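To start, the structure itself, in structure tokens.
Chain letters run A, B, ... following the sequence lines, proteins first, then strands; residues in each count from 1. Note that the coordinates shown come from a computational prediction; the quantities given were computed from them, not determined experimentally.
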Protein chains: 2
Amino acid sequence: MARAPRQADIAAAAGVSQTTVSLILSGNTDGMRLAESTRLRVLKAAETLGYVPDPVATRLASSRNHMIGVYTFASAFPTAVDGFYYPILAGIEEEAAALGQDLILFTGTGGLGARADDKTAIRRTRIADGCLFFGRHVPEEPIDWLLGGGFPLVYIGRRDELAGRIPYVGVDYVAASAAVVNRLVEAGHREIRYLRSLDDALSSTDRERGVLTAAASAGLPVRRIVVRAADAEVGALGSEVRELVERWRGEGVTAVVVEETDTGSLSAALLDAVHDIRVPAELSLAVLGQPAGHPELSGFEVPRRELGRQAVRLLVDQITSSSTGDPEQMLLDCIPITGSTIGQAPC
Amino acid sequence: MARAPRQADIAAAAGVSQTTVSLILSGNTDGMRLAESTRLRVLKAAETLGYVPDPVATRLASSRNHMIGVYTFASAFPTAVDGFYYPILAGIEEEAAALGQDLILFTGTGGLGARADDKTAIRRTRIADGCLFFGRHVPEEPIDWLLGGGFPLVYIGRRDELAGRIPYVGVDYVAASAAVVNRLVEAGHREIRYLRSLDDALSSTDRERGVLTAAASAGLPVRRIVVRAADAEVGALGSEVRELVERWRGEGVTAVVVEETDTGSLSAALLDAVHDIRVPAELSLAVLGQPAGHPELSGFEVPRRELGRQAVRLLVDQITSSSTGDPEQMLLDCIPITGSTIGQAPC
DNA sequence: CTGAAAGCGCTTACAG
DNA sequence: CTGAAAGCGCTTACAG
């Protein structure tokens, strides 16, 4: 079939120049006196020919394409942790649609078929007007390169690399975790254990900071127990946690606080381990981040969808204002979950 | 800071022409005798300057940018039906990464902030090398327009619109559904009910065709019961299905086949309705498409991840071969699930 | 062995 | 009121 019509075709049909067509179609007619009849003639011709602007050419000429990138360091759709990432992506898409932005998912291979390194792949994000990054890992060189070039970017999750120059939308895990411990203290718990995974991500260390700070100001030495959740085989992790719980019961522990990780394996192991224990009568349980499908668990929920939405807003702000001020960094509050697994401490 | 380097900058740095840079970087040096030293000098300069080809310009000049679009008619990340779409998207991403393609998610608003119609939004997909479409809806005009222009596209899900000219990757629901009924027949069931939603999508009518055909060839009049699953309020649907099940028990029904829809509301309602019934001793159950989290249900599973993967392969095939032959259309087999909800019919 | 030139389809000063 | 021209950053004949 015939090739797609372009502005030149419309110009020929309407008897004007291609420039005039561009001006009229873009609505950019402010400064010009234009015969209304000409305008209508051009619009009619465009309609008749079925004209659609070529977005590639538009972008090349105008350097805005209303596309924002999403770069994930692993897979954007990891199978093991569906419930974790999906709401974030959903929030990103929702807000992007609301702001009229298309999304480019960078798969990390760099579109070259070859196994490109992060460096090349990350640089490719420049095709978009700006980019969202997420993943635990900050490859400093290419991110610094983008930042230095004034390329708008926003990380999802708090970041302190590159001297704090990375814009991000994170979660206030410190406050939320402290609040959970306070709640336990108010319910009379004094022997509390905090179960966390072997993980140095800020989302983990921030939680720990909140727990330990709250415990300290309540004059309470919370014991921190680290298990190698992420690495452990499921079976091994399960029996490790079961032994822990058994020991704690002997030690008079009345409450356990557990960190939720992206895979949910640690909280799952704990839930399994307390299967025969009456919760909260015999033992209170609190999660720092609620796993999907467990609305009964007391603690807090991570505002994942909102995280995605806010990240898009921040990014689009950056793009449209092109401000070179301080990096935009913000923390979102978690959603407190009352649940039914925190009870009064047994006397 | 300085603008992004382009080929001209490399050319200046290496003391060659921009053409030579383009040739060397694209690896398009077959027909030319090129001093290895020049080649290295250019590559070095590109590396030093941190050159990244502008994909927009590349695309405008060469009509390839290693990006494939994903156009969904609603949201790509609908909240209600996570389990349904997620594996398809995961498959798309996986295969796209394997083939070195980035993904553009078209949000459907057309990138203009304004509420653009499908027509405009769909035409925008032309920015990519090709596009995957999914959704129950085929807006014939813009799709025809893309097809007519030779734009590579693949639908996810079987389509018969536009005189069968739409390339797709679908699922062989007819065969899979027939197999389920055959299995019930072999287990001695004669009074079977088929529960389906009020839905005219091919994925629904194909299932029905399989069920009815298999029943007919077994000499068995399967009663087809249509409930308005999709539209019904959850409560209303629940009680409607509960009444049905009660009636069926009085009629001596020994097996129920239920269609799985994207929201899963119908199978959920059925599971709830048979809560007090011993399955499969008193009643056998089969699902035409297994809902997440119910590995015990007999029937088949839709190969969703594979659907995404194959769609990408077909699309990339189209893009790279630019064949103008018959539309590529393929059906994937479902995965039979033995499960534990089909038993021998009570005598 | 390498470069000057045209062209992809637009936008945007600039000139009448 | 409208158009000729340059330019966005590439690729691709074509010419030496």
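Distance check on atom C1': D/dT2 versus C/dT12 gives 15 Å, rounded to whole Å. Distance noted for atom C1' between C/dG3 and D/dT11: 14 Å (whole Å).
In this structure, CZ of B/R6 is placed 15 Å from P of D/dT11, rounded to the nearest angstrom. As a whole-Å value, the separation of A/L60 CG from C/dT12 P is 12 Å. Residue A/L25 contributes atom CG, which lies 15 Å from atom C1' of C/dT12 at whole-angstrom precision. Atom CD1 in A/I24 sits about 8 Å away from atom P in D/dT2, given to the nearest Å. Per the geometry, CD belonging to B/E36 stands 11 Å off P belonging to C/dC1, to the nearest Å.
Among the nucleotides C/dC10, D/dC10, C/dG9, the one closest to the side chain of B/Y51 is D/dC10. Looking at the side chain of B/L23, the nearest of the listed nucleotides D/dG9, D/dT12, C/dC10 is D/dT12. Nearest to the side-chain atoms of B/Q7 among the listed nucleotides D/dC10, C/dG3, C/dT11 stands D/dC10. The A/T20 side chain lies nearest to D/dG3 when the options are D/dG3, D/dC8, C/dG9. In the set D/dG7, D/dC10, C/dG3, the nucleotide with an atom closest to the side chain of B/V16 is C/dG3.
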Q: Please report the C-alpha distance between A/I68 and A/I104 in whole Å, then the side-chain angles of each, then the deciding distance to 0.1 Å, and finally whether the side chain to side chain contact (heavy atoms under 4.5 Å, CB included) criterion is met.
A: CA-CA 6 Å; A/I68 63 186; A/I104 307 186; over 6 Å; no

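The side chain of B/S22 contributes an N or O atom lying less than 4.0 Å from OP1 or OP2 of D/dT11. For A/Q18 and D/dA4, the shortest distance from a side-chain N or O to OP1 or OP2 is not below 4.0 Å.
Here the rule is side chain to side chain contact (heavy atoms under 4.5 Å, CB included) with A/E161, and of A/I166, A/D144, A/L202 only A/I166 fits it.
Atom CZ of A/F134 is separated from atom CD1 of A/I88 by 5.0 Å, given to the nearest 0.5 angstrom.
The nearest heavy atom of DNA chain C to B/S17 and to B/A57 marks one nucleotide each, and the one closer to the 5' end goes with B/S17.
For B/T19 against C/dA4, a side-chain-to-base donor-acceptor contact under 3.5 Å is present.
Side-chain contact annotation: B/T20 with B/S17, donor-acceptor N/O pair under 3.5 Å present.
Under a 4.0 Å N-O distance rule, the pair B/R39/B/E36 qualifies as a salt bridge.
Stems are defined here as 3 or more consecutive Watson-Crick or G-U wobble pairs with pairing distances under 3.5 Å; those involving DNA chain D are C:1-3 with D:14-16, C:5-12 with D:5-12, C:14-16 with D:1-3.
The aromatic rings of B/Y155 and B/F133 lie parallel to each other, their planes meeting at an angle below 30°, with 60° marking the opposite boundary.
Summarising the geometry of B/Y51 relative to B/Q7, their closest heavy-atom pair is OH-CG, 3.3 Å, with the distance given to 0.1 Å.
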